[in-house]
Amino acid sequence: MNATQEKLKVQLEQALIAAFGADFAGVDPILVSASNPKFGDYQANVALSLSKKLGKQPRAIADAIVEKLDVSEICEPPEIAGPGFINLKLKTAYLEAQLNTIQADSRLGVPPAKTPKREIVDFSSPNIAKEMHVGHLRSTIIGDSIARILEFQGHDVLRLNHVGDWGTQFGMLIAYLREVYPDALTTANALDIGDLVSFYRKAKQRFDTDTAFQETARQEVVRLQAGAEDTLHAWKLLCEQSRREFQVIYELLDIKLTERGESFYNPLLSGVVEDLEKSGLLVENQGAKCVFLDGFTNREGEPLPLIVQKSDGGYNYATTDLASLRYRIQQDEAKRIIYVTDAGQGNHFAQFFQVARKADWIPDDVELVHVPFGLVLGEDGKKFKTRSGDTVRLRDLLDEAVSHAHADLKTRLQKEERQETEEFINEVARVVGISAVKYADLSQNRTSNYIFSYDKMLDLKGNTAPYMLYVYARIHGISRKGDINFKELGNNAVLLQHETELALAKYLLQLDEVISSVEQDLLPNRLCEYLFELSQKFNQFYDRCPILQAEEPQRTSRLVLCDLTARTLKLGLSLLGIQVLERM
């Protein structure tokens with residue numbers, strides 16, 4: 001109800017000026033949602049903050065404000081509580097009018113951003129020649145949801161997949177494959193991804209123990225950087241092999257990304273070093289070119305340098321990240337650049353952001369944001385691993401979720417003595433399984449670790465995707481049972497009489513507020529909390545208010561509430577990357 005809050009704030013500001021003079025123009029009325037619904041919907045706390053300035057008791061100040069306050073079109077007469085809180089309760093007629101307005105709006109009353117911007121969301125970012133694993137789960141899901149919300153708000157969003165597709169690991173892998181499986185370097189699809197990962201591990205073991213092989217691998221890197229035709233061809237084949245496997249997972253998760261790997265910025269790295277040198281920031285330290293950082297020290301308490309060119313002339317991640325940052329500002333013209341990575345990389349981002357600022361590369365109208373997230377833990381509270389102690393492959397995790405959902409659905413159909421086609425069962429299991437994984441992740445505050453549990457995430461009764469999908473399906477069950485086409489309800493007047501109708505109505509009107517907060521704070525769990533609470537309020541309304549059996553005009557009014565709830569759930573879940581089902 002952002003629009004409602006804005007109207008009330010304007011009225012309160014005008015009342016402040018009328019009561020105490022023009023000097024009080026622009027004073028924040030401190031309007032917040034009421035802490036307890038029995039006191040109303042909003043409360044203005046400004047009277048308490050003005051007591052010292054005006055030399056009056058807060059209650060007397062609140063009286064003076066209320067005397068000049070005209071909110072009669074929106075609220076019941078204001079009430080003063082406690083030491084001087086001004087409580088405001090929205091009129092039922094006003095709520096009904098707001099619902100009638102959003103009923104005809106495809107955006108359900110959520111206004112697009114007033115000033116749309118070019119925004120970049122950098123997320124997922126797996127490494128070539130390695131399989132996506134549980135460590136990529138959070139970046140991929142959180143990044144996609146953030147991108148969806150920004151796109152819905154009208155921002156021009158570039159979804160970037162900064163894949164690890166360059167560097168020493170390729171020299172190492174190509175050198176090893178030349179010896180043991182040369183066909184993989186000349187023929188497409190000669191290896192599947194599992195074999196490629198296995199060869200990568202063996203190449204790494206060899207690299208760590210064999211100095212002659214290390215030199216061979218470094219020569220392959222030099223050949224790659226110089227554009228040697230055979231090495232470059234081998235590199236492209238390896239990248240394409242991995243890319244195909246990544247795409248299988250992205251399609252399963254319904255994720256869209258533009259790949260722009262580390263190799264894209266390779267031609268720009270020397271320019272980064274040159275410009276840092278010109279700015280006077282570069283210091284040579286043990287043969288390496290560095291920038292010393294404020295606020296970062298090593299174990300000995302000495303200032304910590306960020307290395308941008310190694311003593312052997314090579315570059316590292318920080319150099320690539322600085323090059324990509326400059327490109328995104330200068331070429332992509334981004335105004336907000338959002339990096340979605342694990343919290344363990346927090347120092348890295350703080351460091352290269354600081355270097356970019358010191359070099360004066362960040363214009364005043366550009367915002368850099370690191371969106372950190374915690375770990376996925378197993379039910380033992382430790383890092384999520386397979387029984388053998390290996391990292392969980394993301395493909396296996398998703399397949400297992402769908403398999404669990406399939407088994408749960410079969411059991412439920414048996415109990416309900418329902419017959420459904422195998423096609424129906426497979427589709428519901430797919431949607432429920434994938435949605436459960438996404439929601440379990442997004443419903444946590446991203447900065448926290450969370451425990452991964454198939455049983456909890458597939459529960460039909462908790463704060464889970466299946467619970468909300470079931471509410472959506474329940475509403476469509478009402479339409480099937482009553483042979484109702486929600487689209488043909490038209491702009492019918494909503495009548496709010498029962499307390500559960502009022503509670504549901506007020507919550508439906510808060511969608512704009514929630515989406516606006518996620519757009520700013522990049523915390524998708526706030527949208528999850530809202531959808532869960534909305535689902536609960538709908539179930540309370542459903543339990544206590546007859547719908548199809550109600551007399552007109554109450555029947556149609558309640559059907560409109562059902563329709564608005566279903567549309568709000570569908571929109572909200574779509575912004576989390578979750579598909580809905582009309583039958584479960």
Side-chain angles (χ1 to χ4, degrees), residues 122-133 136 139-140 158-207 213-252 255-272 313-317 319-321 323-324 327-328 331-332 393-395:
D122 175 331
F123 67 104
S124 194
S125 306
N127 289 313
I128 298 293
K130 295 182 183 178
E131 289 178 286
M132 288 180 75
H133 53 76
H136 297 108
S139 177
T140 305
L158 178 55
R159 300 154 156 260
L160 286 184
N161 198 7
H162 188 83
V163 297
D165 68 347
W166 201 250
T168 308
Q169 69 266 35
F170 286 96
M172 183 179 76
L173 182 58
I174 291 168
Y176 187 75
L177 288 171
R178 280 201 198 286
E179 291 182 17
V180 299
Y181 206 116
D183 283 357
L185 304 179
T186 56
T187 310
N189 304 320
L191 291 171
D192 68 29
I193 190 70
D195 292 333
L196 189 58
V197 170
S198 174
F199 281 128
Y200 179 87
R201 285 190 189 128
K202 288 172 183 172
K204 179 78 169 73
Q205 287 167 1
R206 178 92 172 270
F207 186 85
F213 180 73
Q214 280 177 21
E215 185 53 34
T216 306
R218 287 195 182 100
Q219 288 307 312
E220 286 291 358
V221 175
V222 171
R223 285 173 56 75
L224 178 61
Q225 289 173 339
E229 196 174 327
D230 60 335
T231 303
L232 202 59
H233 179 69
W235 170 74
K236 285 177 181 174
L237 286 178
L238 296 173
C239 288
E240 193 52 43
Q241 186 89 21
S242 294
R243 219 173 262 129
R244 274 194 297 276
E245 188 64 24
F246 298 160
Q247 196 52 39
V248 170
I249 289 170
Y250 292 141
E251 284 176 11
L252 260 176
I255 306 283
K256 291 179 177 59
L257 279 156
T258 298
E259 184 182 307
R260 198 191 280 170
E262 291 170 1
S263 60
F264 179 88
Y265 305 102
N266 201 52
L268 310 175
L269 302 184
S270 59
V272 167
Y315 305 103
N316 58 17
Y317 291 125
T319 327
T320 303
D321 282 338
S324 69
Y327 189 93
R328 292 167 184 188
Q331 305 301 318
D332 295 322
R393 295 192 327 151
L394 191 47
R395 180 71 186 273

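A distance of 9.0 Å separates OG1 in Thr258 from CZ in Arg159, rounded to the nearest 0.5 Å. A distance of 8.5 Å separates OG1 in Thr140 from CD1 in Ile249, rounded to the nearest 0.5 Å. Between the CG atom of Leu185 and the CG atom of Asp230 there is a distance of 8.5 Å, given to the nearest 0.5 Å. Expressed to the nearest 0.5 Å, how far CH2 of Trp166 lies from CZ of Phe264 amounts to 13.5 Å. In this structure, the separation between CD on Glu245 and CD on Glu131 is 6.5 Å, given to the nearest 0.5 Å. Put simply, CD on Glu262 and OH on Tyr317 are 6.0 Å apart, with the number rounded to the nearest 0.5 Å.
Taking the side chain as every heavy atom from C-beta outward, Thr168 and Phe207 approach each other to under 4.5 Å. Within the 4.5 Å cutoff, side-chain heavy atoms of Arg260 are placed close to those of Asp332. The shortest distance between side-chain heavy atoms of Leu238 and Ile174 falls below 4.5 Å. Here the side chains of His162 and Thr320 are in contact, with some heavy-atom distance below 4.5 Å. Contact of the Phe170 side chain with the Val221 side chain is not registered, since no non-hydrogen atoms from C-beta on lie closer than 4.5 Å.
Considering only residues two or more places apart in sequence or on other chains, Glu220 meets the salt bridge (charged side-chain N to carboxylate O under 4.0 Å, His left out) condition with Arg178, Arg223. Remark: Arg218 pairs with no residue by the salt bridge (charged side-chain N to carboxylate O under 4.0 Å, His left out) rule, at least two apart or across chains. Applying the ring pair (Phe, Tyr, Trp, His ring centres under 6.0 Å) criterion to Phe213, with sequence neighbours excluded, gives no partner residue. Residues passing the salt bridge (charged side-chain N to carboxylate O under 4.0 Å, His left out) test with Lys236: none are found, sequence neighbours excluded. Residues meeting the side-chain contact (heavy atoms from CB on, under 4.5 Å) test with Ala323, sequence neighbours left out: Tyr265, Leu268, Leu269, Val272. Asp321 pairs by the salt bridge (charged side-chain N to carboxylate O under 4.0 Å, His left out) definition with nothing, not counting sequence neighbours. For the side-chain contact (heavy atoms from CB on, under 4.5 Å) test, residues two or more places apart in sequence or in another chain that qualify with Ala188 are Leu237. Partners of Glu179 under the side-chain hydrogen bond (donor to acceptor under 3.5 Å, both in side chains) rule, at least two apart in sequence or in another chain, are Arg206. Looking at residues two or more places apart in sequence or on another chain, you find a side-chain contact (heavy atoms from CB on, under 4.5 Å) between Thr216 and Ala175. Scanning for side-chain contact (heavy atoms from CB on, under 4.5 Å) contacts around Gln219 gives Glu215, with sequence neighbours left out. Under the rule for a ring pair (Phe, Tyr, Trp, His ring centres under 6.0 Å), the partners of Phe199 that lie at least two apart in sequence or sit in another chain are Tyr181.
In terms of modelled atom types and a separation under 3.5 Å, the side chain of Ser242 and the main chain of Ala129 share a donor-acceptor contact. Asp165 places no side-chain N or O within donor-acceptor distance of the main-chain N or O of Ile128, the cut-off being under 3.5 Å. Panel note: side chain Asn161, backbone Ser125; a donor-acceptor pair is recorded below 3.5 Å.
Between Ser270 and Pro267, the closest heavy-atom pair is OG-O, 4.3 Å. In plain terms, the two heavy atoms of Ser124 and Ser139 that are nearest each other are N-OG, 2.8 Å. Here the closest non-hydrogen pair linking Ala203 and Tyr176 is CB-CB, 3.6 Å.
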**Prompt:** Given Leu252 and Arg395, is the side chain to side chain contact (heavy atoms under 4.5 Å, CB included) satisfied, shown in steps?
**Reply:** CA-CA 9 Å; Leu252 260 176; Arg395 180 71 186 273; 4.1 Å; yes
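The side chain to side chain donor-acceptor pair (under 3.5 Å) analysis of residues 193-204, with sequence neighbours excluded, yields the pairs Lys204-Asp208.
At most 12 non-hydrogen atoms from other residues, nucleotides or ligands lie less than 6.0 angstrom from CD of Glu229.
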